[in-house]
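Structure first, then comments.
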Amino acid sequence: MARRLSAAEDYESLLSNYDTWMFDCDGVLWHGDRPIDGAVEVLDMLRKRGKRLLFVTNNATKSRRNYKAKFDQLGVEAHVDEIYGSAYAAAVYISSVMKLPKDKKVYVIGMSGIEEELHEEGVSFIGGTDPADCTLEPFSLADFIPDPDVAAVLCGFDTQINYTKLSKAFQYLHRNPACQFLVTNEDSTFPSAHGLLPGSGSLSAPLRFALNRDPLTIGKPARTMLDCIQAKVHFDPERTIMIGDRLNTDILFGQGGGLATLLVLTGK
Ligand SMILES: C[C@H](OP(=O)(O)O)C(=O)O
Ligand SMILES: [Mg+2]
């Protein structure tokens, strides 16, 4: 049963009931590069109370290493093995669950965070930040020569989204029904430092509509993200709480994993 927390004893009971605290990032810890008031202090207090912290973000623009640098800049103690982003989860899924053959490749719509994590997992890819794809030049289907080794398309947040990227991804998926269609996450919006912007789900929507095909989602609320965390970290779901700003990703993710959940209203 959901209830609104207000009294100090409400928070004290959370502290005594839960040992592992899973934090969503965008809209909970920060908006873009701007920390949310009180977030850093809460993380510090939880560390001092001996709690295990995990950071679980659908934001695929950064690798775990990039996020570690972001936490360092904020003066927040965080360790790479506490950070789980959808770029990392997607790379692990492709390498360890899909077991993409080494001679196959992924066509990426996304940024350097995805590329870094795919490289770390030994997954070959094309697209992404390749200047040939990051163009507003008209796309020429007549001149397009698909790479025969592409066996999956992965779509994540991409500030350089364009018709060439969408057209190439469409060709790989339309011409080969066996080509896997993966998205890092389906967040409809992204809470930037200055307000809401279209999120990853709004960037992959043209492909879903054009193909009339739903992708496999890696990030929250999908179980895939929790499986990726549990493969690295042991925690007791009964004594774990997921803190998030979105009902349809963070809270659904926590509920699906049998975790307690805490909704914060700072996600906009
Ligand atoms: C908003 C989301 O990030 P998260 O809230 O999961 O950190 C995203 O970047 O699409
Ligand atoms: Mg969020």
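Just so you know, residue 1 is the first one in the sequence shown, and it goes up from there. We count ligands from 1, going down the list as the structure has it; atoms in each ligand are counted the same way.
- When non-hydrogen atoms are compared, ligand 1 lies under 4.0 Å from the side chain of Pro191 (C-beta onward) but not from its backbone.
- Scanning the protein heavy atoms around atom 2 (C) of ligand 1, the nearest turns out to be Asp187 OD2, 3.6 Å.
- Ring orientation note: the planes of Trp21 and Phe23 are close to parallel, at an angle under 30° on the 30°/60° scale.
- Across all non-hydrogen atoms, the minimal contact from Gln180 to Leu173 is O-CD2, 3.7 Å.
- Shortest contact from atom 3 (O) of ligand 1 to any protein heavy atom: Asp26 OD2, 3.0 Å.
- Of all protein heavy atoms, the one closest to atom 7 (O) of ligand 1 is Thr57 OG1, 2.6 Å.
- Note on ring orientation: taking the six-membered ring where Trp is involved, the planes of Phe190 and Phe157 are tilted (angle from 30° to 60°).
- The number of heavy atoms from other shown groups lying within 6.0 Å of CG (Leu141) is above 12.
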After noting the C-alpha distance and the side-chain angles of Glu115 and Thr129, does the key distance pass the side-chain hydrogen bond (donor to acceptor under 3.5 Å, both in side chains) rule? CA-CA 8 Å; Glu115 294 177 324; Thr129 59; 2.8 Å; yes
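- Residue Thr61 does not touch ligand 1, judged by heavy-atom distances below 4.0 Å.
- Taking a cut-off of under 4.0 Å to the non-hydrogen atoms of Asn59, the atoms of ligand 1 that pass are 3 (O), 8 (C), 9 (O).
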Steps toward side-chain hydrogen bond (donor to acceptor under 3.5 Å, both in side chains) verdict (Ser63, Asn66): CA-CA 5 Å; Ser63 64; Asn66 301 152; 3.1 Å; yes
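- Among Asp24, Leu54, Ile251, the one residue that satisfies the side-chain contact (heavy atoms from CB on, under 4.5 Å) test with Met242 is Asp24.
- At a threshold of 2.8 Å, the Mg ion (ligand 2) has no backbone or side-chain N, O or S atom of Asp187 nearer than that distance.
- The Mg ion (ligand 2) has an N, O or S atom of Asp245 inside 2.8 Å of it.
- Between Thr189 and ligand 1, no pair of N/O atoms sits closer than 3.5 Å.
- Nearest non-hydrogen protein atom to atom 4 (P) of ligand 1 is Asp24 OD1, 2.9 Å.
- The atom name of the N/O/S atom in Asp26 closest to the Mg ion (ligand 2) is O.
- Taking the six-membered ring for Trp and thresholds of 30 and 60 degrees, Phe71 and Phe55 have ring planes inclined between 30 and 60 degrees apart.
- Atoms of ligand 1 lying under 4.0 Å from at least one heavy atom of Lys220, given by number and element, are 6 (O).
- Of all N, O or S atoms in Asp24, the one lying closest to the Mg ion (ligand 2) is OD2.
- Close approach of ligand 1 to Cys25 is summarised as follows: ligand atoms under 4.0 Å from at least one heavy atom of the residue are 7 (O).
- Residue Phe190 places a heavy atom under 4.0 Å from ligand 1.
- Expressed to the nearest 0.5 Å, how far SG of Cys179 lies from NZ of Lys104 amounts to 10.0 Å.
- For Arg246, the closest heavy-atom approach to ligand 1 does not fall below 4.0 Å.
- Between Tyr172 and Phe181, the distance separating the two ring centers is not shorter than 6.0 angstrom.
- Salt bridge absent: Asp81 and Arg64 never bring a charged side-chain N and a carboxylate O closer than 4.0 Å.
- Looking from atom 10 (O) of ligand 1 to the surrounding protein, the closest heavy atom is Asn185 ND2, 3.1 Å.
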